[in-house]
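By convention in this document, chain letters (A, B, ...) are assigned in the order of the sequence lines, proteins followed by strands, and residues within each chain are numbered from 1. Predicted, not measured: the structure shown is a model, and the values here were computed from it.
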Amino acid sequence: MPEGPELHLASLYVNKMCAGVVFTGPVRKSEVSKNPDVPFTCEAYRITAASRGKEVKLTLTPMKSDDPKERVKAGQADQPMDIVIRFGMSGYFRFTTEDELPKHAHLRFYSKETPCRVLSFVDARRFGSWQPNGTWQSDRGPCVMFEYESFREKVVSHLSDRAFDKPICEVLLNQKYFNGIGNYLRAEILFRLNIPPFVPARTVLEGLESEDLSENKKPVKNETTDTKTSDGAKQKWVKGETGDLLRLCHTVPLEVVNLGGKGYDPQKTDYSDFKAWLQCYYVDGMKSIGDHNGRTMWFKGDPGPMAPKDSKSTKAKKRAKKDGHDYYTDKKKVARKRSESTSKKKVVKQETVTKTPKKEKKARTKEAGTKRRKAENSREVTAPQHEKGSTARRRKSSSAEPAAGPQRRSGRVTRQNSK
DNA sequence: CGTCCACGTCTAC
DNA sequence: TAGACCTGGACGG
């Protein structure tokens with residue numbers, strides 16, 4: 001879960017759980033972590049957190065003691081220390097008793113209580129990182145959620161930067177300008193405005209003002225814009241009642257923050273609210289394409305002129321193993337379907353089958369297939385299918401669309417826990 | 001049991 | 001621009 005909203009919810013979690021808790025001793029790191037040791041130890045200290053885009057900063061504050069000299073002499077900290085943490089693909093915080101330490105708790109802070117409790121930075125994949133005595137990473141821009149004005153100003157005033165030569169969906173992942181936006185947010189944001197993901201970024205952004213003229217408007221209410229969807233006419237995506245693209249880079253993540261703990265709290269691994277909130281990412285019926293960096297872009301409708309187009313585009317393709325495309329979709333509780341219209345261009349191969357789902361060949365991705373394989377081929381799109389279910393993902397191919405798309409349901413739903 | 005996929009950076013050729 | 005870095009869940013055979 002780690003995109004801006006989850007990092008912020010993580011900071012709220014730390015502040016809530018650790019309020020009034022006194023921590024003690026050294027900060028401990030797991031044996032396997034390659035991140036730096038945190039040279040901090042103190043008889044009594046407190047922990048608070050703050051977030052900015054995709055980073056969380058923990059502040060360890062020594063409590064006053066009657067005898068500072070003794071403390072310092074003993075190697076105890078007397079000054080606060082900041083630790084800046086990035087979550088990678090799987091990081092999160094948990095506060096548990098010592099005997100319930102989660103697996104992969106790579107950085108730990110011990111409380112002074114008797115049944116000791118521990119604040120842990122948990123990170124299964126270990127892509128996360130931290131820096132003792134750290135500061136917000138210098139090349140990351142202002143937080144899209146909490147430094148909106150400066151975020152907006154920075155983008156608008158740097159449109160000549162070559163970084164904006166790329167498709168808008170790829171630029172949205174550039175943390176120098178969009179600190180906090182990640183793969184699900186870029187899909188949700190572009191979807192709300194019906195902006196084709198592979199349209200040149202500058203084209204979409206130029207003309208936007210540094211001042212958000214939609215400032216005082218009512219809160220974005222979310223209507224499922226559906227009425228408008230299908231018409232082939234592409235409506236003007238520049239700004240709607242909900243505001244322009246930059247404003248949505250601020251409001252959409254805040255919606256996730258407002259979903260509350262559910263979105264984040266690892267304790268209750270209940271992502272049902274979050275999944276119900278998603279309108280595009282991983283949603284059944286939406287299309288997906290690997291972007292030039294191999295990241296899956298979910299969207300609806302026209303991919304836009306800079307779409308990787310099979311051939312060489314990169315990872316997605318490279319990953320491609322042999323022939324075949326693969327598509328996958330998942331379903332989510334809330335049914336949302338909507339196939340696409342306008343899929344002009346590429347026609348995917350189609351399948352005629354009706355009932356049994358058939359799959360196709362597959363493609364490989366970098367992560368998975370890693371290293372050696374590469375091949376050629378394209379990626380493309382996805383289509384709908386399946387129904388119900390709740391969590392699960394599915395892959396399958398589908399025809400590109402129109403005619404008939406109704407259903408073919410396959411036989412499977414997904415279930416995850418075993419019986 | 002093997003393959004594919006994952007909410008993200010990093011850095012080396 | 002392509003790997004590297006990792007673990008684990010869902011699927012498929």
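At B:dG8, none of the side-chain N or O atoms of A:Arg125 fall inside 4.0 Å of OP1 or OP2 (strictly under the cut-off). Of the side-chain N and O atoms in A:Arg295, one or more sit less than 4.0 angstrom from OP1 or OP2 of B:dC7. Contact check, A:Gln137 against B:dC10: a side-chain N or O comes under 4.0 Å of OP1 or OP2. For B:dC7, the OP1/OP2 oxygens have no side-chain nitrogen or oxygen of A:Ser90 closer than 4.0 Å. For C:dT7, the OP1/OP2 oxygens have no side-chain nitrogen or oxygen of A:Lys103 closer than 4.0 Å.
Residue A:Arg140 is classed as a sugar-phosphate contact, given heavy-atom separations below 4.0 Å to backbone atoms only.
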Go through A:Phe178 and A:Phe151 one step at a time and tell me if the ring pair (Phe, Tyr, Trp, His ring centres under 6.0 Å) criterion holds.
CA-CA 7 Å; A:Phe178 297 88; A:Phe151 145 69; 5.6 Å; yes
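The distance from atom NZ of A:Lys54 to atom P of B:dC10 is 10 Å, rounded to the nearest whole Å.
By the 5.5 Å and 30° criteria, A:Phe127 is stacked with the base of B:dG8.
Here the SG-CG distance, from A:Cys249 to A:Leu172, works out to 5.0 Å after rounding to the nearest 0.5 Å.
Between A:Phe87 and A:Phe121, the ring centre distance stays below 6.0 Å.
The shortest non-hydrogen separation linking A:Lys54 to A:Arg86 is O-CG, 4.0 Å.
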